[in-house]
Amino acid sequence: QVQLVESGGGLVQAGDSLRVSCVVSGRPFSRSGMGWFRQAPGKEREFVAAISWNGGRTFYADSVKGRFTISRDNAKNAVYLQMNSLKPEDTAVYYCAASTYWNPSSSISEFDYWGQGTQVTVSS
């Protein structure tokens, strides 16, 4: 019954910005840590960013620090990933994920629900 619905992916040029969104239904969103992961062709799914249940703690993969910002709006059951200064190596399918933990780590195993993924393509 838990669903994560993503939007905002698309095709952009290097240096552009993009915001992807995720709306969660079917679980107590306010108690769930949230995260974003991505998977490029031929590569394993990798951690991008995570945020605690109340937004008080965020952390990022080294590859996106200073460029990406994760945020959440519990009143809207939504989590966002603002991506600035996009690079071709950011091209991947981006997945929104929900955790049963209030303060999840970067481990995929701590996230039990996933969105369908949204394609982000950055051209040079």
Side-chain angles (χ1 to χ4, degrees):
Q1 293 296 106
V2 177
Q3 291 186 324
L4 284 68
V5 181
E6 300 166 329
S7 62
L11 174 64
V12 298
Q13 294 185 332
D16 285 352
S17 297
L18 196 66
R19 189 183 77 162
V20 290
S21 303
C22 174
V23 178
V24 181
S25 63
R27 74 178 299 163
F29 178 78
S30 63
R31 294 185 178 272
S32 299
M34 299 293 297
W36 287 95
F37 295 77
R38 67 187 183 186
Q39 187 167 21
K43 297 183 178 180
E44 295 184 342
R45 190 170 300 184
E46 66 174 353
F47 169 79
V48 176
I51 187 168
S52 63
W53 71 280
N54 63 351
R57 184 173 70 185
T58 61
F59 57 99
Y60 302 88
D62 288 342
S63 59
V64 305
K65 286 181 179 178
R67 298 188 298 119
F68 290 11
T69 302
I70 187 172
S71 62
R72 68 189 297 161
D73 186 342
N74 286 355
K76 297 180 179 179
N77 286 4
V79 61
Y80 310 96
L81 185 68
Q82 177 68 44
M83 301 179 285
N84 297 329
S85 301
L86 282 162
K87 305 174 181 179
E89 51 263 43
D90 294 319
T91 296
V93 177
Y94 283 72
Y95 297 91
C96 175
S99 175
T100 58
Y101 299 104
W102 290 11
N103 299 289
S105 71
S106 61
S107 176
I108 292 177
S109 66
E110 294 188 6
F111 295 83
D112 53 352
Y113 293 99
W114 298 81
Q116 76 283 0
T118 184
Q119 178 71 47
V120 174
T121 302
V122 185
S123 65
S124 60

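Please read these numbers as outputs of a predicted model, since none were measured by experiment. Just so you know, residue 1 is the first one in the sequence shown, and it goes up from there.
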List for me each residue that meets side-chain hydrogen bond (donor to acceptor under 3.5 Å, both in side chains) alongside Ser124, sequence neighbours excluded, and say none if there are none.
-> none
Results of salt bridge (charged side-chain N to carboxylate O under 4.0 Å, His left out) for Lys65 - residues two or more places apart only = Asp62
Applied to residues 90-105, the salt bridge (charged side-chain N to carboxylate O under 4.0 Å, His left out) test, sequence neighbours excluded, yields Arg38-Asp90, Arg67-Asp90
Answer yes if Trp36 and Val2 sit in the same cluster of Ile, Leu, Val, Met, Phe, Trp and Tyr residues linked by side chain heavy atoms under 4.5 Å apart, and no otherwise.
-> yes
Counterpart residues, side-chain hydrogen bond (donor to acceptor under 3.5 Å, both in side chains), relative to Asn103 (two or more places apart) | none
Side chains of Val20 and Glu6 in contact at under 4.5 Å (non-hydrogen atoms) = no
Does one hydrophobic cluster hold both Trp53 and Val24, with members joined at side-chain heavy-atom distances below 4.5 Å?
-> no
Hey, could you give me each pair passing disulfide (SG to SG under 2.5 Å) that has a residue in residues 35-77? Not counting sequence neighbours.
-> none
Disulfide (SG to SG under 2.5 Å) partners of residues 86-124, not counting sequence neighbours, each pair once | Cys22-Cys96
Residues, nucleotides or ligands: over 12 heavy atoms within 6.0 Å of Gln13 CD = no
Counting only heavy atoms not in Gln3, do more than 12 sit closer than 6.0 Å to its CD atom?
-> no
Using a 4.5 Å side-chain heavy-atom cut-off and chaining through intermediate ILVMFWY residues, the residues clustered with Tyr101 come out as none
Take Ser52 and Asn54 through the side chain to side chain donor-acceptor pair (under 3.5 Å) test and state the conclusion after the steps.
-> CA-CA 6 Å; Ser52 63; Asn54 63 351; 3.2 Å; yes
Between CE of Met34 and OH of Tyr80, what distance do you get to the nearest 0.5 Å?
-> 11.0 Å
Gap between atom CD1 of Ile51 and atom OG of Ser99 - 0.5 Å precision | 13.0 Å
Separation between OG of Ser25 and CD of Gln1, rounded to the nearest 0.5 Å = 8.5 Å
Quick one: side-chain hydrogen bond (donor to acceptor under 3.5 Å, both in side chains) partners of Asp16, sequence neighbours excluded?
-> none
Do side-chain atoms of Gln82 reach the backbone of Thr69 as a donor and acceptor pair under 3.5 angstrom?
-> no
OG1 of Thr118 to CG of Leu18: how many Å apart, nearest 0.5 Å?
-> 8.0 Å
Can you tell me which residue pairs pass the salt bridge (charged side-chain N to carboxylate O under 4.0 Å, His left out) test with a partner in residues 114-124, sequence neighbours excluded?
-> none
Using links of under 4.5 Å between side-chain heavy atoms of ILVMFWY residues, direct or through other members, which residues join Trp114 in one cluster?
-> Phe37, Phe47, Phe59, Val93, Tyr95, Ile108, Phe111
Does a side-chain heavy-atom distance below 4.5 Å link Met83 with Phe68?
-> yes
Applying side-chain hydrogen bond (donor to acceptor under 3.5 Å, both in side chains), name anything that partners Gln119, two or more places apart in sequence or on another chain.
-> Thr121
Only pairs at least two apart or in different chains count here, so list each salt bridge (charged side-chain N to carboxylate O under 4.0 Å, His left out) that has a residue in residues 98-122.
-> Arg27-Asp112
Spatial distance of atom OG (Ser63) from atom NZ (Lys87) [nearest 0.5 Å] = 8.5 Å
Start with the C-alpha distance between Ser109 and Ser107, add both sets of side-chain angles, then the distance that settles side chain to side chain donor-acceptor pair (under 3.5 Å), and finish with yes or no.
-> CA-CA 5 Å; Ser109 66; Ser107 176; 2.7 Å; yes
Shared hydrophobic cluster for Val120 and Val5 (ILVMFWY, side-chain gaps under 4.5 Å) = no
Looking only at heavy atoms, which two atoms of Val122 and Thr91 are closest? And how far apart?
-> N-OG1, 2.9 Å
